[in-house]
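These notes are about the structure you will find just below.
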Protein chains: 2
Amino acid sequence: MDRFEERATDRLDEEGGFELDEFAASFLLFRLATQYLGHLESSVHRPEGISTAGFRVLFTVWVYDELEPRQIARLSGVSTAAVSGVLTTLEGAGLIIKEMDSNDRRLRRVRLTPEGTAVLLRTYRRQNDLEKDFFAHLSRTELAGLTTQLRSLLDSLE
Amino acid sequence: MDRFEERATDRLDEEGGFELDEFAASFLLFRLATQYLGHLESSVHRPEGISTAGFRVLFTVWVYDELEPRQIARLSGVSTAAVSGVLTTLEGAGLIIKEMDSNDRRLRRVRLTPEGTAVLLRTYRRQNDLEKDFFAHLSRTELAGLTTQLRSLLDSLE
DNA sequence: CAATAATCGTTAAGGCCTTGACGACCAACC
DNA sequence: GGTTGGTCGTCAAGGCCTTAACGATTATTG
C-alpha cells in the first residue's frame, strides 16, 4: 500500500461509516485501469498512429468482419455518437469503409480496408507482447483465477 | 465467456502467434474498467453535479488537505495540463480555491471550500454504497485476494 | 552578477465521450 | 395510402486527456 492509499484509508476511517475493504478494491481497480490504459495508448496505440478508441473499433470490426455502427457501440461499450466520431477519423485515415445498406437506407455497414487490417494486426501484436509482460509475474493458475474473477465482476454489472 | 470474447479468441487463434490467456485477462480488464467507470460516472458523479475527473481531484486534495497541481497530477495519474483544466472547472463551481505561494510565485496551493468538502463526502458516500453492491458477491477472502492481485499488477507497471 | 538552464502552471490543437436534439427513413396502424 | 411513432446515424455543446509550446519565475553557473 503506498502513502496515498494509506492516507486515504486513514481519512475515511476517521470520517466513519465507510467500507474500507471495498474502497481499497475499487480504488486499485480505478487506478490500475487508468495506468494500464494510459500505458497502452502511449506505448502501443499512438506509435502505430491510432488512438485507443480507434483500436477498440478496429478490433471489434475485425472480429466480426462487418458490423453496423450501433453494434460496434454495444460491443465496445460506448455511445453511438462516440462511434460515429471515431469512424469518421478512421475513415479519413483510410482504415475502414462505410457502405450503405441497400435494403434499409438508415443503416451503414463498416468493414476494414486491407490497410486497416494490417494496422490492426501489427498493433495487436505489440499489445499482446505488452500483455505478456504485464501478466508475466503471475502463474497460469493465478492468471486463470484473475480472469474468472474479472468475468464474474463484469457479469454483475449487467 | 460471451459471444464477442469467444469469437475474438477464435479469430486470434486462427491468425496464430498470440497468447490467448493474456488476451482474455487484458480484454476483461479493459472492458470492466470501461463499464465500471461509465457506471460510476452516470449513476454517482453526474447526479452530484461533478465529473469523474472532478471527483478524482476533489478526493485527492481532500486526503491531503492541501496540494500543488503538480502533486495532484502525479497522485491521480494524469498530466498537469489535464489537472489545470479540471481545477478551472472546479473553481468556477466554487468547490476549490487556488492560493498563491508567497515564497515561490510559480506555485499554487489548492484546497477544498466547505462546499467542496460537502460535495466530496456526499458523493463518496454514494460511491461507497455502489462499491459495496459491486463486490457483494465476493467473500471477504476473495475480496482480499483480488485487492492483493490488483496491487501487484499496479506495482509491476512502475 | 548576468546569462543560461530548469521548473511550474497554462494555453493551443487534435481527439474522444456523454447527453440531447435532429433529420432521414422505415413500419404500422387507421 | 397517408399520418404517426420508432429507429438509425450524426451533429452540437460541454468537459476531459494528451503532447507540445509558452510565459513567468527561480536556480545555477561562469
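All values below come from the heavy atoms of this structure, side chains included, with hydrogens, waters and symmetry mates left out. Below, chain A is the first sequence line, B the second, and so on; all start at residue 1.
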So, does B:S152 use its side chain to make a donor-acceptor pair with the main chain of B:T148 at under 3.5 Å? no
Distance below 4.0 Å between A:S79 side-chain N/O and C:dT18 OP1 or OP2: yes
Taking the side chain as every heavy atom from C-beta outward, state whether A:N128 and B:L12 have any pair of such atoms under 4.5 Å apart. no
Contact span of DNA chain D against chain A, any nucleotide atom under 4.0 Å from a heavy atom, 5' to 3', runs D:dG6 to D:dC11
Tell me which of B:R106 and A:R106 sits closer to the 5' end of DNA chain C, going by the nucleotide each one is nearest to. B:R106
Please confirm whether the ring centroid of A:F30 lies under 6.0 Å from the ring centroid of A:F23. no
Residues from residues 32-71 of chain A sitting under 4.0 Å of DNA chain D, heavy atoms only? A:E68, A:P69, A:R70
Do you see a donor-acceptor pair shorter than 3.5 Å between the side chains of A:E48 and A:Y124? no
Against the side chain of B:S84, the closest entry in C:dC25, C:dT11, C:dT18 is C:dT11
Comparing A:S102 and B:K98 on DNA chain C - which has the more 5′ nearest nucleotide: B:K98
Donor on one side chain, acceptor on other, A:H137 and A:E142, under 3.5 Å: no
Describe the nucleic acid contact of A:D101 in one word from base, sugar-phosphate, nothing, applying a heavy-atom distance below 4.0 Å. nothing
For the pair made of CG in A:L90 and P in C:dG14, what is the distance, rounded to whole Å? 18 Å
Report the distance from atom CZ of B:R74 to atom C1' of C:dC8, rounded to the nearest whole Å. 15 Å
